[in-house]
Amino acid sequence: METTSTAEKKEEIKQKPLLGVTVHVDCVLLVITACSFLTRLWRLEEPRSIVFDEVHFGRFTGYYLQNVFFFDLHPPLGKLLLAAAGYVAGFQGNFQFTSIGQEYPCDGDIPIWHLRLIPALFGALLCPVIYQIFVTLGFNYWTATLAASLVVFDNALLTQSRFILIDSMLLFFCVLSIYSLVRFRRLKDRAFSKEWWGCLCMLGVSITCAISVKYAGIFTVFIVGLVLLYDYWQLIGDQTKSARTLWHHLLSYFGILVVLPIMLYLAIFYVNLQVLYKSGPHDDRMTSAFQASLEGGLSKITKGQPLEVAFGSQITLRHTHGSHPCWLHSHKHIYPIRYSDGRGSSAQQQVTCYSFKDINNWWIVKNPNHTNIQVSDPPEVIHDGDIIQLIHGMTGRTLNSHDVAAPVTPQMMEVTCYIDYNISHAAQNLWKVEIVNADIEGDTWQAIKSQVRLVHVNTSCALKVSGAQLPDWGFYQFEVGSDRIVNQDANIWNVEEHKYTRFGDDKDGDISDSLQQPDEEQTYTTGSNHHLGFLDKFLELQWRMLAANQEVHQEHRYSSEPLEWLLMQRGIAYWMNPTNNAQIHFLGNPVIWWSSSISLVIYILILCVFVVRWCRQCEDLSTDEWDRFLLAGVLFGGGWLANYLPYFLMERTLFLHHYLPAYICKIALLPVTLQLIYLHVLRSQIQRSVFTSLLAVWFTTVIMVFYQFTPFSYGHYSLSDEGIESRRWMDTWGFLIHSQLHV
């Protein structure tokens, strides 16, 4: 009986419930994640003032919520996420972000906590993702814990996560890309399984999101691509894999890591352009066709204007592709008889490119074979290859060029409005119209749509904006000349505003009298709304953004050079309280920053030693250990190089926060180096015990220094002058002291 009873009890124990869930909880991960969220969310609404680039990204959020088009050099994903948070929180976009330090209203018009929440969440999630990367790579849990903890207790990462900025989103998606890659590589023996496809898709989405927040994400994508390329090369060398399998892998990579990112990237821009459909403050950075596709603004001005340019048309000519928008312009002032370098001019009427809309931007298109400057009935439309004259509307003088050097760029010829001085300079005022996009828009010259070159008949030079500014005698407007090199974007123009010339009963009236506003009777050819397709708008916006990234040249007190980033020689003042020393200053944890820089050198030295010993048949590491440390070196060391070295080639204003993607890779390499030293450099238990004790002291110092510098991350209380000076460990750290600002 006892035996039967015992058997029944064992049977009951073996029985499983009909529905059960087994959960494994990593308590260390939970604690680290909780610390990460706590540090990022604590007093998130403080300071209640605009901090650093919140003045830009807060304003952009308002534009999104009011559907107003704006231009920014960064892709739209990060800003769209901020706008989504503002929309959910009920923000109407009616707060004007005017300057750093401006106080936010206390009446709830702007949900500052909600807007700062999105960057804080992405910054907080960095820590668990870093932890999972190390665990997935096969490092021990102590190393994973240390890596995540260093991210938690770094002041630079903390500061950048607490305000309406997009860098924490970039960092998160870059780190998520690395995690997805590591997870994907572990599944190489389970190719085409559901988990394999899931990790591959997560990798494709994360690299797209990284690039769609900031173009700096492309450097992480480069490292990911190198690792995948190496893996595929190894796959090719595996003779057990059939050609069909190799093709399946290649097509899978191409579909998920090329086609899917392109589609997602286009989708993000599509949403961006669909939301921003109203005319805004940055319209003039875009072409006339782009502006005319927006609601209001230029589209309102050009509504109902004639579409086809004819002899007798009144037009304004906009430089199409210049980084600085301007219109062909003239005024009664003449070129100086002699320039500052001693060269002489023709002393003819100046022709420039003016950055503002003005009555002097208007020109009349004239048929050289007729004296009449009115539009005939029906209009005599101008086609590709036609010869025209351009008469300046306010002065009545014709656009002219001749073999005289341009004022600032002597390689070009001077362009003038011809004044008949009855001397040897005869008029040379015939221009040939070349429609650059005739294959798309047709060979008829159309307002807004047609992109044209005006080629001088006598010299075969094209009308061009050099980009140089004239001296004070030219009112600092942009130089216009004619250039022998015809095929270049700098000499492409388009008609923006257009109307047909109409005089009153007095046919001999002044030409300037014809510069009247168009009415319904003037619209001989009905101009429909200028529709620009999504791809055209996307390509133009993409080109402008890439160009703008190279044009950020401005003097700034807190700008820095890449060499200064290694030792964090210069931080950035983000905000200061107007009445005391409370301030936000972007600066990393010096102990982590300098230790990680040293670890780069140590890792390279150890790796070189192991390579030499491996060549001498000394196997210090097993194959798995060697692969692990080498992959970590590629992902973190290579990631640091890929995110750091390109900035040496950039001719633009740079700040310390540009170093963050490289810095987080450098932080991750530090625990790798420490584990390498502990397991494979130190041989005796005594050495390892001493090393562990030193690490405990070092990590305690990390936490203490983090706490010491938190007033610069939170700005929650005012330090004394002495307290600030005691934290100025380098003379180049530009902490602000209120009493010294007003001396």
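When a residue number appears, it is its place in the shown sequence, counting from 1. Please read all numbers here as calculations on a predicted model, not as lab measurements.
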Are the side chains of T145 and I32 in touch, meaning some heavy atoms are under 4.5 Å apart? yes

Contact summary for K214 and P75, nearest pair of heavy atoms: CA-CD, 3.9 Å

Does the side chain of L126 reach to within under 4.5 Å of the side chain of I664, using non-hydrogen atoms? yes

Can any side-chain N or O of K79 pair as donor or acceptor with the backbone N or O of H74 at less than 3.5 Å? yes

Side chains of L82 and M169 in contact at under 4.5 Å (non-hydrogen atoms): yes

Is N581 reaching over with its side chain to a backbone N or O of L719, donor-acceptor style, under 3.5 angstrom? yes

Gap between atom CD1 of I584 and atom CD1 of I100 - 0.5 Å precision: 12.0 Å

Would you say L621 and H680 make side-chain contact, with heavy atoms under 4.5 Å? yes

Within-4.5 Å side-chain heavy-atom neighbours: C127 and T33: no

Just by modelled atom types, is the G723 backbone N or O under 3.5 Å from a matching donor or acceptor in the S720 side chain? yes

With a 6.0 Å cut-off (strictly less than), is the heavy-atom count around CE of M263, excluding the residue itself, greater than 12? no

Show your working on side chain to side chain contact (heavy atoms under 4.5 Å, CB included) between L200 and W196 and close with a plain yes or no. CA-CA 6 Å; L200 186 61; W196 186 90; 4.0 Å; yes

Evaluate F95 against Y104 for ring pair (Phe, Tyr, Trp, His ring centres under 6.0 Å), listing each step before the verdict. CA-CA 9 Å; F95 178 76; Y104 291 120; 5.6 Å; yes

Whether the side chain of Q132 engages the backbone of P128 through a donor-acceptor N/O pair (distance < 3.5 Å, no angle test) should be reported. no

Would you say that F706 contacts V591 through its side chain, given a criterion of any heavy-atom pair below 4.5 Å between the two side chains? no

Can you name the one residue among F648, Y647, F655 that meets ring-ring contact (aromatic ring centres under 6.0 Å, His included) with W565? Y647

Establish, yes or no, whether a centroid distance under 6.0 Å links the rings of F735 and F712. yes

Check step by step if side chain to side chain contact (heavy atoms under 4.5 Å, CB included) holds for L276 and N272. CA-CA 6 Å; L276 305 178; N272 180 70; 3.6 Å; yes

Side-chain (R186) to main-chain (T136) donor-acceptor, under 3.5 angstrom: yes

Any chance the rings of W593 and Y659 have centres within less than 6.0 Å? yes

Step-by-step ring pair (Phe, Tyr, Trp, His ring centres under 6.0 Å) determination, F52 to W575: CA-CA 6 Å; F52 194 53; W575 169 85; over 10 Å; no

Looking only at heavy atoms, which two atoms of I110 and P105 are closest? And how far apart? CG2-CD, 3.6 Å

Between W698 and S595 the two heavy atoms that sit nearest each other are NE1-OG, 3.0 Å

Ring centres under 6.0 angstrom apart (Y644, Y663): no

Decide if the gap between the ring center of F636 and the ring center of F134 is smaller than 6.0 angstrom. yes

Expected output: side-chain E564 to main-chain P562 donor-acceptor under 3.5 Å: no

Correct closest heavy-atom pair for L187 and C199 would be CD1-SG, 3.8 Å

Point-to-point distance, once rounded to the nearest 0.5 Å, from CD1 of I667 to CG of L660: 8.5 Å

Atom CG in L676, atom OG1 in T143: separation rounded to 0.5 Å? 10.5 Å

Can you tell me how far CG of L170 sits from NE2 of H657, rounded to the nearest 0.5 angstrom? 11.5 Å

Any side-chain donor paired with an acceptor under 3.5 Å for Q92 and Y87? no

So, taking the atom named CD1 in I207 and the one named CD1 in I178, what distance separates them when rounded to the nearest 0.5 Å? 12.0 Å

Steps toward salt bridge (Lys or Arg N to Asp or Glu O under 4.0 Å) verdict (R570, E561): CA-CA 9 Å; R570 188 183 302 273; E561 297 297 326; over 6 Å; no

R688 atom CZ: more than 12 heavy-atom contacts under 6.0 Å: yes

Verify the ring-centre separation between H716 and W42: is it less than 6.0 angstrom? yes

Would you say W142 has more than 12 foreign heavy atoms packed within less than 6.0 Å of its CH2? no

Neighbour count >12 (heavy atoms, 6.0 Å) for atom OH, Y717: yes

When you check the gap from the basic side-chain N to the acidic O, do E54 and R59 get nearer than 4.0 Å? no

Just say parallel, tilted or perpendicular for the rings of F173 and F122, cut-offs at 30° and 60°. tilted

Between W626 and F610, does the ring centroid distance fall short of 6.0 Å? no

Any side-chain donor paired with an acceptor under 3.5 Å for T653 and S559? no

Roughly how far, to the nearest 0.5 Å, is the OG atom of S36 from the CZ atom of F153? 9.5 Å

Using only atom types and a distance under 3.5 Å, with no angle test, would you say the side chain of D72 pairs donor to acceptor with the backbone of F60? no

Y265 atom OH, neighbour heavy-atom count above 12 within 6.0 Å: yes

P119 side chain near R162 side chain, heavy-atom distance below 4.5 Å: no

Trace of the side chain to side chain contact (heavy atoms under 4.5 Å, CB included) decision for T692 with Y678: CA-CA 8 Å; T692 303; Y678 183 85; 3.5 Å; yes

Report yes if some heavy atom in the side chain of M576 is under 4.5 Å from a heavy atom in the side chain of H738; otherwise report no. yes

For the pair T732 (side chain) and Q569 (backbone), establish whether a donor and an acceptor sit closer than 3.5 Å, ignoring hydrogens and angles. yes

Checking side chain to side chain contact (heavy atoms under 4.5 Å, CB included) for the pair L165/R116: CA distance, chi angles, key distance, verdict? CA-CA 8 Å; L165 306 171; R116 289 176 175 173; over 6 Å; no

Can the ring centroids of Y131 and F139 be said to lie less than 6.0 angstrom from one another? no

Close aromatic pair by centroid cut-off 6.0 Å: F709 and W729: yes

State whether the side chain of S49 and the backbone N or O of E103 hold a donor-acceptor pair below 3.5 Å, judged by distance alone. no

Is the backbone N or O of Q583 less than 3.5 Å from a side-chain atom of N577, with the two atoms forming a donor-acceptor pair by type? no

Exercise: identify the closest heavy-atom pair between L670 and S599: CD1-CB, 3.5 Å

F70 and Y64: aromatic ring centres closer than 6.0 Å? yes

Working for side chain to side chain donor-acceptor pair (under 3.5 Å), residues S177 and T220: CA-CA 8 Å; S177 299; T220 299; over 6 Å; no

I'd like to know whether CE of M704 has more than 12 heavy-atom contacts from other residues, nucleotides or ligands below 6.0 angstrom. no

